[in-house]
Amino acid sequence: MYIVGLTGGIGSGKTTVAKMFETLGIPVYYADTEAKQLMHTNTHIKNALIKQFGKEVYQDGMLNRAYLAEIVFHDKEKLVVLNSIVHPEVRKHFEQWTAKQQAVFVLKENAILFESDDAKNCHATLVVTAPIETRITRVIARDNTTAEAVKARINNQWDDSKKIERADFVIHNTNLTETIKQVKDTYQKIILRIK
Ligand code: ATP
């Protein structure tokens, strides 16, 4: 199966673009959502997290996301440990999912596709961009958060320029009508590349 990694900074419109591809019949794997789900359901992940971070990681059988976030936000090494527990299981899950798909290609949405080196597992990469101010405004409207909180997350991710340099395809998502056109155009370009 031909795999296209889809990425972009917070609020760029990755999910919006992914949904457009879905309307064209392209299956999308949402890596972040699946990872969160697996942290609830996957026994291997659960046991490893408890061993590493203590039994407080789960409260009444539910992942204590705030507790875990607090630990890894302040300690990069712990973040590496967390990723080393979760990522291999997500990779396995993705492989199983991919094997079940019947389409010309699939998209894998991953906010940290380049940062986590997951791009190397994809045949091609697509980055969604939008001006930083636009992204901040969108996320504030969507998540009822503050500009400072959004900026802090933006500063944790790579700059768009660094992603664009590495990407095979770029979609500039400001005007939705233009974005749909770019999605259709990119779809065709991917098909040509597969052939
Ligand atoms: P995150 O990294 O936070 O998951 P994302 O890159 O997936 O974000 P989306 O969730 O697709 O971004 O978009 C962020 C918000 O902006 C959503 O509420 C979405 O509906 C809105 N949005 C996306 N693209 C546009 C656009 N071109 N015009 C107006 N609103 C948009």
Side-chain angles (χ1 to χ4, degrees), residues 3-40 63 65-66 68-70 72-73 76 79 82-83 86-87 90-91 93-94 97 105-119 121-122 124-187 189-190:
I3 300 161
V4 181
L6 167 66
T7 194
I10 176 170
S12 59
K14 289 178 294 302
T15 307
T16 303
V17 165
K19 300 278 174 217
M20 290 176 184
F21 273 98
E22 281 181 337
T23 65
L24 299 176
I26 298 304
V28 182
Y29 186 87
Y30 296 91
D32 196 38
T33 310
E34 296 294 349
K36 283 180 183 153
Q37 185 61 28
L38 287 171
M39 285 163 90
H40 281 293
L63 182 73
R65 198 170 296 285
L68 196 56
E70 186 63 20
V72 299
F73 195 77
K76 284 251 173 328
L79 179 62
L82 172 64
N83 288 339
V86 178
H87 287 173
V90 177
R91 207 158 24 243
H93 185 257
F94 173 67
W97 176 87
F105 63 92
V106 297
L107 282 183
K108 182 182 194 186
E109 191 210 69
N110 183 351
I112 50 167
L113 187 78
F114 291 112
E115 290 90 331
S116 68
D117 211 20
D118 192 22
N121 304 314
C122 303
T125 55
L126 163 58
V127 62
V128 181
T129 69
I132 284 193
E133 287 311 317
T134 309
R135 290 163 51 194
I136 294 170
T137 309
R138 284 178 188 163
V139 178
I140 291 174
R142 187 193 60 187
D143 298 346
N144 192 23
T145 179
T146 63
E148 285 63 38
V150 183
K151 281 180 192 162
R153 289 174 63 186
I154 287 176
N155 289 336
N156 249 340
Q157 302 178 329
W158 281 13
D159 276 356
D160 273 3
S161 58
K162 206 168 160 184
K163 293 176 194 164
I164 291 170
E165 262 173 37
R166 288 162 174 78
D168 296 288
F169 306 103
V170 180
I171 289 181
H172 299 287
N173 171 40
T174 44
N175 173 302
L176 281 175
T177 313
E178 290 302 316
T179 303
I180 293 169
K181 282 188 201 156
Q182 292 175 66
V183 165
K184 288 182 178 163
D185 185 48
T186 307
Y187 175 96
K189 284 182 180 157
I190 295 170

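Sequence positions, counted from 1, serve as the residue numbers for this chain. In each ligand, atom 1 is the first atom listed, and ligand 1 is the first ligand listed.
- Among protein residues, G9, I10, G11, S12, G13, K14, T15, T16, R138, R142, N173, T174, L176 come within 4.0 Å of ligand 1, judged on heavy atoms.
- Looking at L107 and K14, their side chains never come closer than 4.5 Å, going by heavy atoms from C-beta outward.
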Without placing hydrogens or testing angles, list every side-chain donor-acceptor pair under 3.5 Å for residues 141-160, not counting sequence neighbours.
residue : atom : partner : partner atom : Å
T146    : OG1  : A149    : N            : 3.1
N155    : ND2  : K151    : O            : 3.3
Q157    : OE1  : I10     : N            : 3.0

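- Residues satisfying the salt bridge (charged side-chain N to carboxylate O under 4.0 Å, His left out) criterion with E165, sequence neighbours excluded, are absent altogether.
- Nearest heavy atom pair, residue A31 against residue N110, reads CB-CB, 4.3 Å.
- Side-chain N/O atoms of D168 and T125 include a donor and acceptor closer than 3.5 Å.
- With sequence neighbours excluded, no residue forms a salt bridge (charged side-chain N to carboxylate O under 4.0 Å, His left out) with K162.
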